[in-house]
Structures are given as C-alpha cells and as structure tokens.
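Sequence lines set the chain letters: A, B, ... in the order given, protein chains first and strands last, and positions in each chain run from 1. All heavy atoms count here, side chains included; hydrogens, waters and symmetry mates do not.
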Amino acid sequence: MEDTQMPDHNKKILIIDGHSILNRAFYGLPDLTNYEGLHTNAVLGFLNIIFKIIDEEQPTNMCVAFDVKQPTFRHLMYKEYKGTRKPMPDELREQVPLIKEVLTAMNITIIEKGGYEADDIIGTLSRIADKDGYKVVIVSGDRDLLQLATDNILVRIPKTKAGGTTVENYYAADVQKLYGVTPVQFIDMKGLMGDTSDNIPGVPGIGEKTAGKIIQEWKSIDNALEHIDEIKPPKAQKNLREFADQAKMSRELATIKLDCVLDFNLDDTDLFDMFNDKSYNIMKRLEFKSMLKRFDAKPDAQELKPEITVINENSALDTVRDTVIAAGKAGMYVISDSDILYGIAITCDARTVYVINSMSGVSSDAMSDIVRDIKTSGTSICIGDIKSCLNDMDFSECDTNVLDVGIAAYLLNPLENSYNYDDISKEYLEVMLPSEKELTGKEELNAFTFISDNFLELFAYKALVPLLAMDTLIEKLKGTGMYDLYMNVELPTVYTLHDMEKRGVRVDRTALEEYSHKLESRIKELHDSIIEYAGKDFNINSPKQLGPVLFEDMALPGGKKTKTGYSTSADVLEKIKNVHPIINDILEYRQLSKLNSTYAIGLGSFISSDGRIHGTFNQTITATGRISSTDPNLQNIPMRMELGRLIRKAFIPQDGFVFVDADYSQVELRVLAHLSDDSVMKNAFQNNIDIHSTTASEVFGVPIDEVTPLQRRHAKAVNFGIVYGISAFGLSEDLGISRKEASDFIEKYYDTYKSIKTYLDGQVKFAKENGYVKTMFGRIRPIPELKSSNFMQRSFGERVAMNSPIQGSAADIIKIAMLHVNIKLKELGLKSRLILQIHDELLIETAKDEVDTVRKILVDEMMHAADMTVPLEVGVASGNNWYEAK
DNA sequence: CAAATCACG
DNA sequence: ACGTACGTGATTTGC
C-alpha cells in the first residue's frame with residue numbers, strides 16, 4: 001500500500017440551507033407535537049431530508065447555514081427587500097432553536113453571521129471548498145441557489161411528494177439544459193424577472209419566459225442594454241429601457257456573494273460522532289422513533305455488560321445464594337412466558353449476572369428455595385416489574401424488601417411511555433442500552449433461544465438495571481416526598497392487581513353471542529335503511545365516505561369542520577337529527593356497531609378456557625395515578641345507555657357466589673371540597689344535601705326545592721367543568737348555550753364557592769412555579785406544557801394543574817380502599833375476591849354466605865380510606881350479575 | 001400507523 | 001386573537 005495521504009479530492013462537503021429546508025419540511029409534513037406540546041414536524045422533516053442525502057452522498061464534511069435576523073447590504077440597497085414576506089408561523093418559529101439544538105448535539109457545524117444571508121455564506125463556502133479540492137453538494141429548497149452550480153458544485157433541491165422525498169439535481173449543465181442559460185446568466189435572468197418572494201422588483205412585464213429569451217440571446221443585462229434597440233418583443237424593450245436601473249439593482253440583489261469574510265475553518269465541518277447520547281436524548285425527547293434506529297452503535301452498552309454465568313446444576317446454587325445474601329441487595333428477573341418458567345437471572349454486583357437455567361439440571365424446587373432464602377434473609381430484591389413475575393414467585397404485599405423499579409420510576413415521572421430497563425438505564429444510570437427489540441428482534445423466547453447470547457444479554461440487563469438504579473430511585477422518592485406513597489400504596493397495589501387479574505371475571509359466552517345476533521339483525525335493517533335514504537351504497541363506518549354523502553349528496557346542514565373533511569361525530573349529528581330521518585338511523589347504527597364489535601364480539605374473544613376473562617390492570621400508564629385496564633378494557637363496559645348496559649348481564653359470578661358492587665358518590669367533588677376547604681361546598685356534603693341542586697340553588701338564586709331539572713342539569717355540568725379545569729367554551733359546548741351564558745354561570749359559581757376559585761388559582765400558580773402539582777398523598781404530576789410558548793398548550797397546562805390534584809387524589813383514595821379491602825378479605829380467610837376496579841367502583845365476587853361481611857368491609861374501608869373534612873359516601877348493591885349489582 | 005369515533009370514570 | 005373541557009382503550013378506515 002502506498003504511504004501517501006489521501007488527497008482532499010476524496011473529501012465531500014454537504015452545505016445545507018437551513019431555513020429553506022426547515023421551511024420545506026414544515027409545509028411538507030402534517031403537524032406533529034411531542035408530549036410537551038412542542039411542534040416537531042419541521043425538525044423531523046429536516047432530519048429526514050438530510051439523512052436521505054447523507055446516505056446517498058456519504059459526505060466527509062457538513063455544515064448548515066442559517067440567516068440571522070439582521071439587515072444585510074441588500075436591505076440597505078433596497079429597503080423593500082423581502083418586505084412582502086409573511087412572518088413565520090409560531091409553530092415553525094419555535095422549531096428553529098430546536099433544529100439548532102439537534103444539529104449541535106450531532107456535532108454538525110452551524111454557520112450564521114450577522115450581515116450575511118445564508119445564501120451568501122453558502123456561496124462563499126462552496127467556492128472555498130471547491131478551491132480546496134472538495135466535492136461540494138449544496139442542499140436548498142430555493143431555486144435561487146442554482147446560480148452556484150458548476151461542474152463540481154452540485155445543487156440539490158428536495159421535493160416532498162406524496163409521502164416520499166425526491167431530489168432534483170443540478171450541475172451547471174443541468175441548469176443550462178433546463179433554463180437555457182448558464183448558472184451565472186441565471187442571475188441576470190432573475191434581475192429581469194424579479195422575485196416575488198424576496199420582493200425583488202425586476203422589470204415590469206417581463207416574466208420567466210421573456211427573461212429567458214433575452215438572456216439566452218444577449219447573455220447579460222448589461223449587454224442587452226447596450227443593444228437595447230434590438231430587444232424583442234417591443235413591450236419588453238420599452239420596459240427595460242425605462243427600468244434599466246431597477247434591472248441592474250435587481251440583478252445585484254439577486255447575486256449571491258462569493259466573498260464573505262467567514263471566520264472559520266473548513267476542518268471544523270468534519271462529520272464525526274453524529275449518533276451520541278446527547279443527540280439520542282434529544283431525538284427521544286422529540287419522540288422521533290424512526291431516527292432512534294440510527295443509534296445502533298451504543299458504545300456505553302459495553303461498559304455495563306456484565307459477565308454472564310449460566311447455572312445448570314443444583315450444586316452451584318449455594319454459592320449464588322450465599323454471595324447474594326452477603327451483598328444484601330439483589331437484582332432479579334424471572335425468565336418466563338405465559339406458560340413456561342425458563343429460569344431466573346439474578347445479580348448482586350455489576351460484574352456478574354447468574355442465569356439459573358431451570359430447563360436443565362436445576363430443579364424448580366431448588367430454584368424456589370434459593371429465592372425464598374434470599375427473600376427471608378431480608379436482602380432487598382430489586383425487580384423491573386414485580387406483577388409480571390408473580391405467577392412464578394410467591395412474593396406478597398408483606399415482603400417489603402421486594403422492590404419495583406418500574407413503579408418507582410413511574411411515580412417520579414408518570415408521563416413516560418414506558419419504564420423498561422433501557423428507559424431506566426438511560427434516565428437514572430445515564431447509560432444507553434440496546435432495547436429488547438434491538439437485542440432479540442423477532443426471535444421468540446423458547447428452550448433453544450433462551451440460552452443464546454442475545455437473550456442472555458437481555459436477561460442480564462433486566463436483572464442488573466433494577467439493582468443499579470434502585471438506590472437512586474429510592475433516594476429520589478424520599479426527596480420528593482413520595483416514599484410513603486410508594487411503600488404503603490403503590491407497592492401493595494401491585495399484588496392486589498395481580499390477584500384481580502388471576503381471579504378474572506366470569507363471562508357468559510352464550511349470552512354474548514345471543515346479544516350479538518340481536519344486534520346484527522337490527523344493524524342489517526339500519527344499514528339497508530341508510531343506504532336507501534342516501535340513494536347509494538357506501539361504507540357507513542367510514543367518516544370519510546359518510547361526510548360527503550350527508551353534507552354534499554344530501555345537502556344536510558352543519559357540514560365542514562376539520563381540515564381533513566367533515567366531522568360526523570355524534571354531537572354534530574345530534575344537532576341535525578330532526579332534519580332527516582337518516583341521521584337517527586346512523587346514530588343507532590353506530591351505537592349498535594360499537595356494542596357489537598367492541599363488546600359482544602370483542603369480549604367474547606377474551607374468554608379463557610376457565611370461562612373467565614383475565615384482563616390486565618396497568619399501574620404505570622396514567623398521568624394522574626389512576627389504574628388502566630387493557631386486553632380487554634374492563635373499565636369501559638357500557639352503562640349509560642340501557643341497551644349497552646344489558647351487556648353487564650353477561651358478567652356473572654361463579655356458582656355459589658353473587659356480585660357485590662360498591663361505588664363512591666361524587667368522590668372528586670368531595671375531594672375538591674376538602675382540598676379547597678370551601679365552606680359552602682363542605683356544608684352541602686356534611687349535611688348530605690344533593691350537591692348539584694345546591695349548586696343550582698346558589699348559582700340561579702332559587703330555593704333548593706324549587707330548582708328545576710334543567711337548572712340542576714346545568715349546575716351538574718358546571719360542577720363537572722370545574723373538576724376538568726373549566727372553560728366557558730367547553731361548558732357552552734356541553735350545554736348547548738352561548739359562551740356568554742356559560743361564562744356567567746362560571747362567574748356566579750365562583751361567587752358562590754369563593755374558596756374553590758382561590759384554590760384552583762393557587763394550583764395553577766404552584767404549578768407554574770414548580771413545574772408540577774401534587775395530590776393529597778403527595779403524588780406528583782409534572783406539567784411541562786405550562787412552559788410552552790403556545791397559548792393553547794399553556795391553557796391546557798392550566799386545566800391540568802386544576803384537574804390533576806382532584807382526579808389524582810381520588811385515584812389515591814380508591815387505591816388505598818382497594819388494597820385495604822383486598823388484604824382484609826385475605827386476612828379473614830374469606831372466599832370472596834375483588835375482581836374489578838373502575839376508578840370509583842369496586843366489584844367483589846362474593847360467596848353467598850359472606851355477603852353481609854363483604855358489604856361491611858367495602859363500605860368501611862372505602863369510607864375510611866382517607867382522612868377528610870367531608871364524609872365519603874359509598875353506595876353498595878348486590879345481584880346475580882353485574883347489571884343487577886349496579 | 002394515524003385519525004376518527006365512542007365506550008367508561 | 002387564539003380554539004378547549006380531565007383521564008383512559010378498542011375498533012375501524014384508509015394512507
């Protein structure tokens with residue numbers, strides 16, 4: 001091999017026109033926002049474009065030029081320069097610093113200099129690089145830059161077309177081919193034709209066509225002026241003569257400078273280490289999932305990757321147990337899928353992870369024994385997700401040394417999407433680890449794959465990360481005042497939820513099927529009727545097809561609403577249901593389709609071989625501390641409409657049992673009364689007076705026994721509104737009244753409940769100062785939206801600040817009640833078990849001889865779950881199915 | 001994979 | 001002047 005250094009001929013620089021590409025990206029992509037409400041579409045589009053070009057060009061160097069908000073020589077020459085340009089929309093403006101942040105993190109040079117436009121910087125730089133032997137590629141959305149093309153300098157113009165991005169490429173010859181002029185003559189052409197977007201005047205009456213012809217023939221404006229008498233057509237000749245100075249000035253305005261004084265070195269634009277922690281974190285924050293794929297090389301993973309010792313014999317277990325107990329703290333992961341237990345990964349220091357293989361010489365008894373020994377030794381066992389391993393491990397709410405990392409991280413920031421080992425590692429260990437998907441891809445866990453390197457590495461992280469992160473998490477929980485909440489509420493709740501999942505709820509498959517058949521025959525009738533009214537066949541389930549049918553073909557009123565088309569949502573249709581009978585049919589059709597697909601058919605598919613549905617309760621999903629329910633969602637079984645409510649007849653207790661159902665009455669308003677210490681509202685609850693009637697009486701100034709049903713309905717809506725963080729608009733929409741009336745209601749409401757107003761204002765103020773709000777039990781909800789520059793986002797943040805302490809405290813209360821009830825049932829050795837929690841309601845499958853005891857436990861524990869200045873009222877009912885028990 | 005719709009609290 | 005109620009999850013369309 002020759003010992004000569006590579007000459008610079010092999011260097012290639014990519015010069016990006018920052019604002020122009022950002023602008024293209026902004027208008028090319030639909031609006032996107034991340035969880036903070038930050039608009040991100042332009043940044044994402046920008047990155048997509050430049051990565052596409054980087055992939056194609058493989059440049060060695062790169063930089064991005066931006067304009068600076070400062071007049072340039074062009075403004076001095078011609079004060080109307082760029083005068084007609086519209087200001088950037090706010091959604092785009094806020095993305096300018098964002099893209100700069102991303103580029104900086106990726107070590108990509110940003111060039112901006114007062115007095116120069118990006119074009120001039122690009123022009124100058126392209127010439128310097130060219131002279132230094134670089135290949136040069138300029139990327140811009142702006143055709144003005146075509147004047148910079150030469151045989152060595154390529155100008156690329158990306159276009160966003162129907163999904164994909166295509167790029168037009170121009171060397172000097174391509175410019176010539178397209179416009180019939182050289183890149184330099186292109187400037188003269190622009191001098192003649194002007195440019196509306198930059199407000200360059202040019203010569204009146206001369207457009208692209210004429211300008212092209214003149215320059216093709218005469219090569220330049222100066223030369224054309226010398227032969228002014230020969231210019232054709234006559235109109236152009238006359239105008240050019242008259243506006244000769246303006247043409248010359250326009251040419252100068254349009255000329256990109258090639259001799260700016262730039263105080264930087266080409267070597268500064270070397271591309272290196274674009275994919276690092278910092279850029280990864282920003283991309284993650286912006287929620288650019290597709291970008292994260294580019295961060296495959298994770299240098300840090302090596303640092304944390306421990307030795308993995310696979311244990312295949314019982315005899316080796318003693319050492320493992322002794323080592324772990326001596327350390328006093330362990331990280332553990334149970335390796336299993338729904339049916340099979342493969343083993344466990346366990347570690348007590350960052351150097352070694354033991355993977356105990358229960359598919360080999362290790363007996364499952366021996367494995368259970370060492371876990372039990374470790375547990376009873378008092379060793380802290382740190383686990384990523386305790387609930388997921390409870391089918392194989394007999395931990396209980398009494399084992400206070402078994403700790404859950406996911407739940408700790410959720411309490412510290414409930415807004416994250418997931419609390420997997422890689423999330424925890426990034427956030428609390430500041431180490432980037434490959435995700436589960438990256439490690440094992442599509443490979444499934446089975447007896448063979450489970451001891452493959454990739455799976456072993458995965459298990460190692462799943463055991464190790466909890467061990468390493470737990471101390472930090474506990475410290476932070478203490479620091480934020482949430483340690484008690486964690487230990488006394490969240491951790492025991494894990495076991496309660498697992499108990500409910502394991503028990504499941506019995507559902508009568510035949511009843512669901514019969515119900516479905518009834519629905520289907522009515523759905524068919526409605527379908528035919530709707531098609532007949534419409535006069536043509538179409539898919540009623542498609543709002544995109546339904547909209548035009550209703551508002552164009554049938555010309556019904558109330559059309560147009562969104563950018564994508566007509567809204568056909570129930571509240572829109574509700575308003576025009578008297579105009580045409582098709583509307584009622586559609587509403588009924590929708591209702592029945594929903595009941596059938598989501599409930600009758602949907603639920604049926606979840607019934608297990610034991611005749612019961614074992615859904616999943618999630619403890620780390622909601623922003624407020626509520627539980628959520630999935631696969632299926634058992635917290636949204638129909639209730640409000642009689643027809644839907646009938647589904648509840650299919651939810652039945654096992655033989656010899658009945659259902660006992662208990663729910664709180666207006667917990668959220670009671671919580672509000674307590675938190676705000678409002679004497680008027682507290683008084684109503686203390687004296688057990690109907691709260692909505694009280695509100696109506698106060699707000700409308702009538703005696704409580706003269707409140708009309710309408711007044712009560714309005715008052716009820718206002719009470720709800722208050723809990724949601726009221727707005728006059730929202731209330732007026734809900735009640736179908738004017739905004740003025742709605743805001744009058746609100747004003748009178750605050751007049752009545754003065755302390756509530758004070759309290760809510762106080763929450764918003766607290767949130768603005770601290771960035772979060774707290775529940776009665778110290779649970780935190782961060783509100784990043786309050787820092788947004790966007791009015792709408794900020795208003796949302798304010799509503800959240802008002803709502804979260806209320807919804808969250810209510811969630812805390814029922815969680816406490818729920819776990820007390822569950823523990824009591826077990827303590828008393830009852831056969832009855834908790835099976836569902838629906839936010840303010842608990843359902844217990846109750847042995848017939850335990851009904852009285854269970855009713856008492858429910859009422860007792862629910863009423864006394866929290867110490868408040870207003871009583872908590874609980875309603876109880878029982879029955880042979882869920883329909884009867886409500 | 002996102003948007004629209006609608007079920008619940 | 002802005003454009004909205006708070007918190008969830010499942011299904012269906014259609015790009």
Quiz item: Which residues pass the side-chain hydrogen bond (donor to acceptor under 3.5 Å, both in side chains) test with Ser593(A), sequence neighbours left out?
Solution: none
Self-check item: dA7(B) and dC2(C), which share atom name P, separated by this distance in whole Å
Solution: 32 Å
Quiz item: Are side-chain N/O atoms of Thr630(A) and Asn618(A) paired as donor and acceptor at under 3.5 Å?
Solution: yes
Quiz item: Given dG7(C), is OP1 or OP2 found less than 4.0 Å from the side-chain N or O atoms of Arg626(A)?
Solution: no
Quiz prompt | Involving DNA chain C, stems made of at least three consecutive Watson-Crick or G-U pairs, both distances under 3.5 Å | solution = B:1-9 with C:6-14
Quiz item: Any ion pair linking Arg626(A) and Glu668(A) (charged N to carboxylate O, less than 4.0 Å)?
Solution: yes
Quiz item: With no hydrogens and no angle check, do the side chains of Thr695(A) and Tyr753(A) hold a donor and an acceptor under 3.5 Å apart?
Solution: yes
Quiz item: So what does Ala742(A) touch, heavy atoms closer than 4.0 Å: a base, only the sugar-phosphate, or nothing?
Solution: nothing
Quiz item: Could you run down nucleotides 8-15 of chain C 5' to 3' and tag each one B, S or - for protein heavy-atom contact under 4.0 Å?
Solution: SBBSSSSS
Quiz item: Is any NZ, NE, NH1 or NH2 atom of the basic residue among Glu798(A) and Lys765(A) found under 4.0 Å from an Asp or Glu carboxylate oxygen of the other?
Solution: no
Practice problem: Rounded to the nearest angstrom, tell me the gap between atom CZ in Arg739(A) and atom C1' in dT4(C). | Solution: 9 Å
Self-check item: Segment of DNA chain B, first to last nucleotide, that comes within the 4.0 Å heavy-atom reach of chain A
Solution: dA4(B) to dG9(B)
Quiz item: Can a donor-acceptor pair be found between the side chains of Glu436(A) and Asn420(A) at a distance below 3.5 Å?
Solution: no
Quiz prompt | Span that lies between the C1' atom of dG3(C) and that of dC8(B), in whole angstrom | solution = 26 Å
Quiz item: Without hydrogens or angle criteria, can the side chains of Asn719(A) and Tyr749(A) be said to hold a donor-acceptor pair below 3.5 Å?
Solution: yes
Self-check item: Sugar-phosphate, base or nothing in reach of Ala570(A), heavy atoms under 4.0 Å
Solution: sugar-phosphate
Quiz item: When the distance from CD of Glu733(A) to P of dC6(C) is rounded to whole Å, what number comes out?
Solution: 13 Å
Quiz item: Between the side chains of Glu513(A) and Ser516(A), does any donor sit under 3.5 Å from an acceptor?
Solution: no
Quiz item: Contact class for Arg590(A) vs. all strands (heavy atom < 4.0 Å): base, sugar-phosphate, or nothing?
Solution: sugar-phosphate
Self-check item: Pairing residues for Lys577(A) by the salt bridge (charged side-chain N to carboxylate O under 4.0 Å, His left out) criterion, not counting sequence neighbours
Solution: Glu574(A)
Self-check item: Rounded distance in Å - CE (Met802(A)) to P (dG7(C))
Solution: 12 Å
Quiz item: Using a cut-off of 4.0 Å on non-hydrogen atoms, how would the nucleic acid contact of Gly721(A) be classed: base, sugar-phosphate, or nothing?
Solution: base
Self-check item: Verdict with supporting geometry, Lys768(A) and Glu785(A), salt bridge (Lys or Arg N to Asp or Glu O under 4.0 Å)
Solution: CA-CA 10 Å; Lys768(A) 286 188 169 160; Glu785(A) 292 88 350; over 6 Å; no
Self-check item: Which residue lies more 5' along DNA chain C, comparing Gln807(A) with Met792(A) via nearest heavy atoms
Solution: Met792(A)
Quiz item: Taking only residues two or more places apart in sequence, or in another chain, which ones meet Gln619(A) in a side-chain hydrogen bond (donor to acceptor under 3.5 Å, both in side chains)?
Solution: Glu490(A)
